[in-house]
> 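Quick one: this structure, given as structure tokens, is what I'll be asking you about.
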Amino acid sequence: PGRFSRFVLKLIGRKSASVIAVSEAVKESLIDAGLPADKVSVIPNGIDLDPFNNIFNDEETRRFFGLQPQSRIVLGLGRLSFEKGFDLLIEAFGEVCSQYENLQLVIAGDGPEKENLKHQANRLKNCNPQCRDDSIVFTGRTDKTAPLLHAASAVVIPSREEGQGLVAIEAMASKRPIAASSAGGLSETIQDCANGLLVPVGDITCLTAALIRLLSDSELSLKFGEAGRKRVESLYTSKVMIDRLDQLYRAVVKTGKN
């Protein structure tokens with residue numbers, strides 16, 4: 001944060017009984033901005049698992065979004081802004097699609113970088129004969145993220161900055177293998193080589209290699225998917241989050257009474 005933001009954070013920190021960070025990375029950034037370390041507690045966001053427990057018809061999902069019936073889907077999901085790194089994903093996909101047939105990149109979301117990303121995708125299609133007109137599909141904002149995740153062969157999260165990574169949690173809940181940058185809280189949410197692959201922030205070569213590895217090794221992808229689901233069930237459900245919040249609130253009230 002800039003100087004004014006740091007001043008505001010310090011002011012809030014002094015006047016707060018407790019401050020909640022969604023990851024250790026966010027906690028460290030708050031402490032660095034001047035908040036007292038003993039006031040900052042880490043409580044990751046949790047999700048409701050029910051939407052990801054449904055059995056989806058992948059053929060219907062593909063028809064709805066105009067995708068090829070037999071294609072393998074690489075999914076990027078989130079706000080289309082610079083810090084989310086979707087330009088890095090498109091560049092990496094340009095390398096990957098040269099090695100696989102029937103591969104489609106689906107970018108689901110909306111944001112200020114949408115037009116720039118579409119122009120980048122069009123340039124890639126024009127200069128790479130392996131990329132067809134429908135190799136990269138932009139869905140716009142959608143509430144059908146769970147069906148898309150279910151249909152995906154791999155999920156890529158190429159963020160330059162990330163507080164925690166809700167998309168990672170949703171992908172893990174859907175048992176999808178993940179290739180992601182190690183930005184911020186992503187390196188806490190995803191365990192490298194246990195339930196996904198982490199690469200240095202902004203490293204397109206490593207991101208490309210990670211995606212190729214997931215697409216080439218179905219057993220590894222299945223292993224990552226199962227491990228990710230177990231991790232979400234133990235750490236990132238809404239119930240776990242609410243229990244942690246409840247404990248913190250009770251501790252704050254008790255301290256205040258004393």
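All values below come from the heavy atoms of this structure, side chains included, with hydrogens, waters and symmetry mates left out.
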> Distance check, rounded to the nearest 0.5 Å: L245 atom CG versus I20 atom CD1?
5.0 Å

> About how many Å separate CG of D110 and CZ of F138, when rounded to the nearest 0.5 Å?
11.0 Å

> More than 12 non-hydrogen atoms from neighbouring residues, nucleotides or ligands closer than 6.0 Å to CG on D133, yes or no?
no

> When clusters are formed by joining ILVMFWY residues with side-chain heavy atoms under 4.5 Å apart, either directly or through shared neighbours, do V8 and L30 land in the same one?
no

> Salt bridge check: are E162 and K84 linked by an N-O gap of less than 4.0 Å?
yes

> Is D58 salt-bridged to R62, going by a charged N under 4.0 Å from an acidic O?
no

> Do L198 and S181 come close enough that some side-chain heavy atom pair is under 4.5 Å?
no

> Is any side-chain heavy atom of T139 closer than 4.5 Å to one of V106?
yes

> Are side-chain heavy atoms of K175 and L149 found at a separation under 4.5 Å?
no

> Can you tell me if K27 uses its side chain to pair, donor with acceptor, with the backbone of S41 under 3.5 Å?
no

> Side chain of T237, backbone of V240: donor and acceptor closer than 3.5 Å?
yes

> List the steps, then state whether side chain to side chain donor-acceptor pair (under 3.5 Å) holds for Q164 with N45.
CA-CA 8 Å; Q164 179 190 359; N45 286 316; 3.2 Å; yes

> Taking the cut-offs as 6.0 angstrom to the six-membered ring centre and 45 degrees off its axis, would you call R231 and Y236 a cation-pi pair?
no

> Might you work through the side-chain contact (heavy atoms from CB on, under 4.5 Å) test for F65 and L148, ending with a clear yes or no?
CA-CA 9 Å; F65 289 105; L148 270 177; 3.6 Å; yes

> Keeping the roles fixed (side chain from E24, backbone from E188), state whether a donor-acceptor pair exists under 3.5 Å.
no

> So, for L197 and A210, which heavy atoms are closest and what is the spacing to 0.1 Å?
CD1-O, 3.6 Å

> Test your reading of the model: is there a side-chain donor-acceptor pair from R79 to the backbone of G109, 3.5 Å cut-off?
no

> Any chain of hydrophobic side-chain contacts (each under 4.5 Å) joining V74 to I107?
yes

> Would the distance check show the side chain of S81 and the main-chain N or O of G111 forming a donor-acceptor pair, the cut-off being under 3.5 Å?
no

> Let me confirm one number: the CG-CD1 distance from D192 to I178, rounded to the nearest 0.5 Å.
11.5 Å

> If you measure from CD1 on I12 to NZ on K10, what distance do you get to the nearest 0.5 Å?
13.0 Å

> T189 versus S23: any side-chain heavy-atom pair under 4.5 Å?
no

> Under 3.5 Å, side chain of S221 to main-chain N/O of S218, donor-acceptor pair present?
no

> Would you please test K239 and I242 for side-chain contact (heavy atoms from CB on, under 4.5 Å) and show each step?
CA-CA 5 Å; K239 183 182 185 307; I242 290 168; 5.8 Å; no

> Are the side chain of R6 and the backbone N or O of D32 linked by a donor-acceptor pair below 3.5 Å?
yes

> For a quick test of your reading: what N or O donor-acceptor pairs under 3.5 Å do the side chains of residues 88-99 make, sequence neighbours left out?
from, atom 1, to, atom 2, distance (Å)
S98, OG, G94, O, 3.3
S98, OG, N128, ND2, 3.3

> Looking at every heavy atom in both A168 and I190, which two are closest together, and how far apart are they?
CB-CD1, 4.0 Å

> Find the distance between CD (E101) and CD (Q70) and round it off to the nearest 0.5 Å.
13.0 Å

> Is the cationic atom of K144 (NZ for Lys, CZ for Arg) positioned less than 6.0 Å from the six-membered ring centroid of F64 and within 45 degrees of its normal?
yes

> Taking the side chain as everything from C-beta on, heavy atoms only, tell me whether I43 gets closer than 4.5 Å to L248.
yes

> Does CD in E59 sit with more than 12 non-hydrogen atoms of other residues, nucleotides or ligands closer than 6.0 Å?
no

> State, to 0.1 Å, how close F56 and P51 come at their nearest heavy-atom pair, and which atoms those are.
CZ-O, 3.4 Å

> What do the steps show when you test M172 against R229 for side-chain contact (heavy atoms from CB on, under 4.5 Å), and what is the final call?
CA-CA 5 Å; M172 289 156 62; R229 173 68 187 210; over 6 Å; no

> Could you go through H150 and I55, starting from their C-alpha distance and side-chain angles, then the distance that decides it, and tell me whether this counts as side-chain contact (heavy atoms from CB on, under 4.5 Å)?
CA-CA 8 Å; H150 188 272; I55 298 175; 5.5 Å; no

> Considering all heavy atoms of both residues, which atom of I47 and which atom of A173 are nearest to each other, and what is their separation?
CD1-CB, 3.9 Å

> Judged by atom type as modelled, is there a donor-acceptor pair below 3.5 Å linking the side chain of R160 to the main-chain atoms of A183?
no

> Rounded to the nearest 0.5 Å, how far does CG of L211 lie from CG of L207?
7.0 Å

> Will you find, in the side chains of Y100 and S216, an N or O donor that is under 3.5 Å from an N or O acceptor?
yes

> Using the rule that two of Ile, Leu, Val, Met, Phe, Trp, Tyr join whenever any of their side-chain heavy atoms come within less than 4.5 Å, decide whether I212 and I136 are in one cluster.
yes

> Counting only N and O atoms by type, is there a donor-acceptor contact under 3.5 Å from the side chain of S187 to the main-chain atoms of G184?
yes

> Can you check whether D134's main-chain N or O pairs, donor with acceptor, with Q104's side chain at less than 3.5 Å?
yes

> Mind listing the closest non-hydrogen atom pair of S153 and L215 along with its distance?
CB-CD2, 4.2 Å

> Among the clusters formed by ILVMFWY side chains lying less than 4.5 Å apart, do V42 and V22 turn up in the same one?
no

> Should L186 and I169 be counted in the same cluster of Ile, Leu, Val, Met, Phe, Trp and Tyr side chains packed under 4.5 Å apart?
yes

> Side chains of N126 and R123: closer than 4.5 Å at any heavy-atom pair?
no

> Should we count NZ of K125 as having more than 12 external heavy atoms under 6.0 Å?
yes

> What heavy-atom pair brings A33 and L9 nearest, and what distance separates the two atoms?
CB-CD1, 3.8 Å

